[in-house]
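Each ligand, and each atom within it, is numbered from 1 in the order the structure gives.
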Amino acid sequence: MTIAEKPFSGKHYCLASCELQLTTDQNARSISKALASIDPWRCLGYTEEGLFRYLIRSDPSLNRYAVVVCRETAGVVCIRYPWLRGPYLELLAVFPSQQGRGIGREIIGWMAAECPGASNSIWTTASSFNTLALAFYKGLGFAEIADLPDLVAGGYCEILLRKTLKCP
Ligand SMILES: CC(C)(COP(=O)(O)OP(=O)(O)OC[C@H]1O[C@@H](n2cnc3c(N)ncnc32)[C@H](O)[C@@H]1OP(=O)(O)O)[C@@H](O)C(=O)NCCC(=O)NCCS
């Protein structure tokens, strides 16, 4: 793992099942195309172009990494830090062909390990219809904190989730 001066500032992280590499204009194109074709982004009406802009725009607090397995892009993780009282997992996707292999679990573990002392919580949201993601997060220790109706799209409810980290 690259030694980072502050949480989520590394350009490259090696996890057991995958690597995290800063997104580039090149891989942002294929990632945005893949995201627009799967839920929850498809259902919520996100477009490939809008997702591409999200991945490449200047946003110093948003740390965006391609998830790479065997040199192939297998997903994406975007973490907003600093953010209120702990880092906010703004987007996590493991593409369908790589799901169920422990990659998502490992990324959450990396995220928790990356910020010891900086906060005692990590935060995310998931759409209320995304029952599989909610099961994933709850299985990893996240608790539902609040309903956020119409946060990203009219008629849809996002659920704010928090995972409390053990103090060192
Ligand atoms: C949700 C997601 C990130 C999980 O990543 P993953 O790499 O497939 O998950 P893992 O293989 O690490 O699974 C970790 C645990 O969650 C459970 N889990 C994973 N997907 C699950 C699902 N669809 N339903 C129920 N449990 C699930 C696994 O069983 C596993 O538990 P176990 O180790 O006790 O068996 C991935 O499926 C995904 O990107 N989905 C589409 C996009 C999405 O919904 N993103 C999150 C909300 S924005």
Side-chain angles (χ1 to χ4, degrees), residues 1 8 13-21 23 27-48 50-55 59 61-81 83-84 86-115 121-166:
M1 180 166 72
F8 313 110
Y13 294 89
C14 279
L15 311 187
S17 61
C18 64
E19 294 180 34
L20 306 181
Q21 300 174 356
T23 50
N27 62 25
R29 183 56 74 186
S30 61
I31 290 168
S32 53
K33 185 174 186 182
L35 288 178
S37 72
I38 60 172
D39 288 335
W41 301 281
R42 175 176 56 184
C43 183
L44 293 168
Y46 284 82
T47 63
E48 180 183 336
L51 288 160
F52 179 68
R53 285 196 300 273
Y54 167 79
L55 290 174
D59 190 340
S61 298
L62 187 61
N63 306 283
R64 288 155 284 196
Y65 297 96
V67 178
V68 177
V69 175
C70 298
R71 298 186 184 175
E72 298 287 331
T73 303
V76 62
V77 56
C78 304
I79 296 168
R80 192 165 289 285
Y81 180 87
W83 186 77
L84 301 177
Y88 173 62
L89 177 59
E90 196 162 282
L91 193 157
L92 173 63
V94 176
F95 296 154
S97 64
Q98 294 290 337
Q99 289 175 5
R101 299 181 181 190
I103 295 172
R105 171 189 289 276
E106 193 173 28
I107 290 172
I108 299 297
W110 162 78
M111 186 178 171
E114 187 68 358
C115 56
S121 297
I122 55 179
W123 303 84
T124 193
T125 53
S127 303
S128 61
F129 68 79
N130 196 352
T131 52
L132 299 179
L134 288 167
F136 165 77
Y137 286 124
K138 286 180 190 172
L140 294 178
F142 284 80
E144 293 189 12
I145 300 299
D147 287 352
L148 305 170
D150 303 326
L151 181 68
V152 298
Y156 292 97
C157 182
E158 304 307 304
I159 297 177
L160 178 66
L161 298 138
R162 172 172 62 195
K163 178 177 170 67
T164 303
L165 305 177
K166 294 188 180 80

message = Given 3.5 Å as the limit, does a donor-acceptor pair link the side chain of E106 with the main chain of S17, or not?
response = yes
Is it true that [X] lies under 4.0 Å from ligand 1, counting heavy atoms only?
| X | answer |
| --- | --- |
| N130 | yes |
| A93 | yes |
| F95 | no |
| G100 | yes |

ask   = Side chain, backbone, both or neither: which part of R101 comes within less than 4.0 Å of ligand 1 when only heavy atoms are counted?
value = backbone
Could an N or O of ligand 1 be found under 3.5 Å from any N or O of [X], whether backbone or side chain?
| X | result |
| --- | --- |
| L92 | yes |
| V94 | yes |
| Y137 | no |
| Q98 | no |
| A126 | no |

The single option from W83, Y81, F8 passing ring-ring contact (aromatic ring centres under 6.0 Å, His included) against Y88 = W83
task = Nearest heavy atom to atom 10 (P) of ligand 1 wins, so pick from G109, A135, G102.
result = G102
ask   = Who passes side chain to side chain contact (heavy atoms under 4.5 Å, CB included) against F136, sequence neighbours left out?
value = L92, I108, L140
request  = Please could you name the atoms of ligand 1 that A133 approaches to less than 4.0 Å, counting only its heavy atoms?
outcome  = 44 (O), 46 (C), 47 (C)
